[in-house]
Amino acid sequence: MSERYGPPSAFLLVDGYDLIANKVQTLTHKVTAPQVRSDGLADEWEEHSPLGVSMAEITQEGAFFDTAALKSHAALKTLPSTPETAPRVVCLGFATQWKGKPFIGFEGVHNEAYEVIATRGDLQKANVTHKVTGAREPGQIIQEIGRQITILTSSVANPTVITTAEAHGIADGQTVRIAGHTGSTPAVDGDHVATVLTTTTFTVPVNVSVGGSGGTVIQYNSADWDTEADPIDYTADINQHPIPITSSSVAAASVITTPEPHGFTSTQTVLVAGHTGSTPTINGERVVTVLTTTTFTIPVNVSVGGTGGTAVAADSLAGGYGFQQVTAFTGLTGFIGKIRDSADDITYADLVEFADVTAAPDAERKVAAGTVDRYLAFKGDVTGTGAITVFCGFSRS
Amino acid sequence: MKRLKAKIGLTYPDASSLEIVREAGGLSKLTPEQRAKVKLREIKPGEWCDDVPKESREHLIEKGTVVLVQIEEPKAHEGFPRGQRKQKGEGK
């Protein structure tokens with residue numbers, strides 16, 4: 001189902017700086033495929049041919065000019081001075097900064113222009129253009145930075161049950177900070193370890209005798225955590241297009257025919273769903289052997305053919321890129337983030353291990369090789385006592 | 001004898017928790033009550049992981065996440081049994 005998003009849904013992270021905090025007015029990202037005139041003297045109509053290269057560009061306009069630490073000027077002031085200047089790591093998105101939602105990571109980004117604007121009657125603002133030297137890498141968010149969620153109520157219970165106005169996205173055992181909650185006895189404001197009950201309820205270890213209402217909860221991490229209880233499923237990635245199935249044939253290894261190019265690769269695992277009429281059913285995860293662009297076989301001995309349904313890739317074979325952005329880091333002495341993958345949602349293995357982080361802001365893009373399994377989760381290992389906020393996404397190649 | 005060794009870090013339910021995870025259909029399908037009962041094994045690179053769930057085993061070997069290592073069986077002791085020292089004059 002398609003969804004629509006408004007301005008609050010956008011996010012922009014540059015080298016660990018969360019630039020949305022600077023009230024960016026406009027954020028664009030543009031991908032172009034430059035073309036050249038290819039008509040000749042005898043041609044009556046103009047012709048253009050693509051050069052075969054693509055270019056990406058990001059612009060942000062109207063951010064408040066702010067010289068405080070971790071704010072816009074610190075993030076944007078540096079322009080590359082030599083060809084060897086280290087590129088920036090940029091992650092942005094337009095469909096909320098929320099686990100499972102799409103994001104775009106960029107490889108080899110440099111600030112091309114930084115423009116500070118002072119206008120009478122207005123606060124000073126800044127524009128920046130980032131030129132991308134390399135690929136645009138779309139993927140899924142695996143670990144979101146904590147955001148403020150509105151609290152509806154706290155219950156009379158020990159431990160008290162906190163009900164939120166929308167899905168809280170908190171992981172079981174994660175540290176949360178409650179602020180502005182009123183009416184409860186005792187007060188529940190402060191830092192607590194949450195136990196998740198449902199997507200909109202969790203408990204915190206406070207014995208509440210009079211319930212309260214209002215306030216917000218924000219999640220952050222102060223202890224080791226992982227998201228394996230709520231992983232990202234590649235078959236639900238909106239960057240994927242489920243391929244319709246025309247039919248399954250009667251054969252020892254049934255031939256699946258699709259009305260459009262399926263784009264699969266032999267040995268890739270696909271998830272077949274909604275296919276009807278076949279004996280036995282072919283629905284479920286299957287390893288494909290590609291015959292043509294619109295046919296492939298699956299290792300199912302089908303005695304009665306079926307029709308309909310879809311097939312969608314359940315793993316990818318060509319590795320990918322992990323992106324990590326650390327926007328806040330206090331008190332801790334170290335942090336190692338890992339992306340983990342699993343084919344069966346039972347055993348998770350390390351896929352990408354980011355370098356040890358000792359300060360914020362920090363950002364890293366890291367390559368993963370080989371097969372990337374269906375489920376992706378994030379694991380954070382902290383050293384010391386303190387708190388951290390981390391964004392992580394993965395782009396499959 | 002062959003043993004499984006992890007090439008990279010792994011996590012999986014221990015033997016006593018595996019049935020709960022299987023019944024639920026995966027770690028992400030566990031209810032909070034089930035999750036509280038499940039114990040996970042954390043394996044570091046280079047550690048043995050012979051108890052990896054059987055449904056994951058083949059895929060992990062194929063992917064190179066874990067490797068089968070041939071371990072030499074301890075040879076039967078050829079001399080006197082442990083604790084029995086050869087006495088003076090014996091074996092002559």
Side-chain angles (χ1 to χ4, degrees), chain A residues 99-100 159 161 170-173 194-199 201-203 224-233 235-236 267 269 284-285 287 314-317 319 336-353 368-379 381, chain B residues 1-69 71:
Chain A
K99 197 158 51 177
V161 177
I170 295 164
D172 205 34
T195 300
V196 174
L197 301 178
T198 69
T199 55
T201 58
F202 61 91
T203 66
D224 294 349
W225 82 98
D226 67 59
T227 66
E228 285 158 19
D230 188 18
I232 302 307
D233 184 348
T235 65
T267 73
T269 303
E285 285 189 11
V287 176
D315 66 12
S316 53
L317 307 181
I336 294 179
K338 293 176 183 173
I339 298 172
R340 313 189 92 193
D341 69 341
S342 172
D344 51 21
D345 194 24
I346 293 176
T347 302
Y348 281 82
D350 295 347
L351 178 69
V352 172
E353 181 170 329
T371 300
V372 180
D373 292 329
R374 175 173 172 177
Y375 299 97
L376 289 176
F378 187 78
K379 181 173 171 57
D381 290 330
Chain B
M1 183 176 70
K2 285 187 172 175
R3 296 196 65 188
L4 273 183
K5 188 181 253 190
K7 301 255 303 186
I8 54 177
L10 288 174
T11 305
Y12 52 83
D14 70 7
S16 65
S17 309
L18 196 51
E19 209 45 49
I20 301 171
V21 178
R22 282 184 182 138
E23 273 179 26
L27 286 169
S28 64
K29 310 285 192 315
L30 295 171
T31 64
E33 294 76 29
Q34 288 172 319
R35 197 170 300 135
K37 292 178 192 162
V38 169
K39 292 191 181 83
L40 297 174
R41 287 248 299 139
E42 285 278 351
I43 304 292
K44 292 187 176 131
E47 289 184 348
W48 300 114
C49 53
D50 301 301
D51 58 346
V52 76
K54 64 180 182 191
E55 50 268 71
S56 311
R57 188 183 163 102
E58 195 181 329
H59 177 71
L60 294 174
I61 293 171
E62 197 174 287
K63 206 176 161 188
T65 305
V66 300
V67 287
L68 276 169
V69 178
I71 304 291

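Not measured: the values here are computed from a predicted model. All chains are named by letter (A, B, ...) in the order of the sequence lines, taking the proteins before the strands, and each is independently numbered beginning at 1. Just the heavy atoms: all of them, side chains too, but no hydrogens, waters or symmetry mates, feed the values below.
Considering only heavy atoms from C-beta on, B/Leu68 comes within 4.5 Å of B/Leu4 through its side chain. Between A/Lys379 and B/Glu42, some side-chain heavy-atom pair lies under the 4.5 Å cut-off. Inter-residue side-chain proximity for A/Lys338 and A/Asp381 is flagged as met; some heavy-atom pair is nearer than 4.5 Å.
Only the backbone of A/Leu197 has a heavy atom closer than 4.5 Å to any heavy atom of chain B. Both the backbone and the side chain of B/Ser56 have a heavy atom closer than 4.5 Å to some heavy atom of chain A. B/Val52 touches chain A through its side chain: at least one heavy atom from C-beta onward sits under 4.5 Å away, while N, CA, C and O do not. If you measure heavy-atom distances from A/Asp315 to chain B, you find no contacts under 4.5 Å at all. Neither the backbone nor the side chain of B/Ile43 comes within contact range of chain A, judged by heavy atoms closer than 4.5 Å. Contact annotation for B/Leu27: both backbone and side-chain heavy atoms come within less than 4.5 Å of a heavy atom of chain A. In this structure, no portion of A/Asp233 lies under 4.5 Å from any heavy atom of chain B.
Among all heavy-atom pairs drawn from B/Gln34 and B/Lys29, the shortest one is OE1-O, 4.1 Å. For the pair A/Ala194 and A/Ile170, the tightest heavy-atom approach, listed with the atom from each and the gap, is CB-CG2, 4.0 Å. Shortest non-hydrogen contact noted between A/Tyr348 and A/Ala377 is CE2-CB, 4.0 Å. Nearest heavy-atom pair across A/Val287 and A/Thr269 is CG2-OG1, 3.8 Å.
Contact tally against chain B (heavy-atom pairs below 4.5 Å) for A/Asp344, A/Thr195, A/Asp226: the top residue is A/Asp344. The most heavy-atom pairs under 4.5 Å with chain A, out of B/Leu10, B/Leu40, B/Thr11, come from B/Thr11. By number of non-hydrogen pairs under 4.5 angstrom with chain A, the leading residue of B/Gly64, B/Ser28, B/Pro53, B/Gly26 is B/Ser28. Among B/Arg22, B/Arg35, B/Lys7, B/Arg41, the residue making the largest number of heavy-atom pairs under 4.5 Å with chain A is B/Arg35.
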Check step by step if salt bridge (Lys or Arg N to Asp or Glu O under 4.0 Å) holds for B/Asp14 and B/Lys39. CA-CA 6 Å; B/Asp14 70 7; B/Lys39 292 191 181 83; 5.5 Å; no
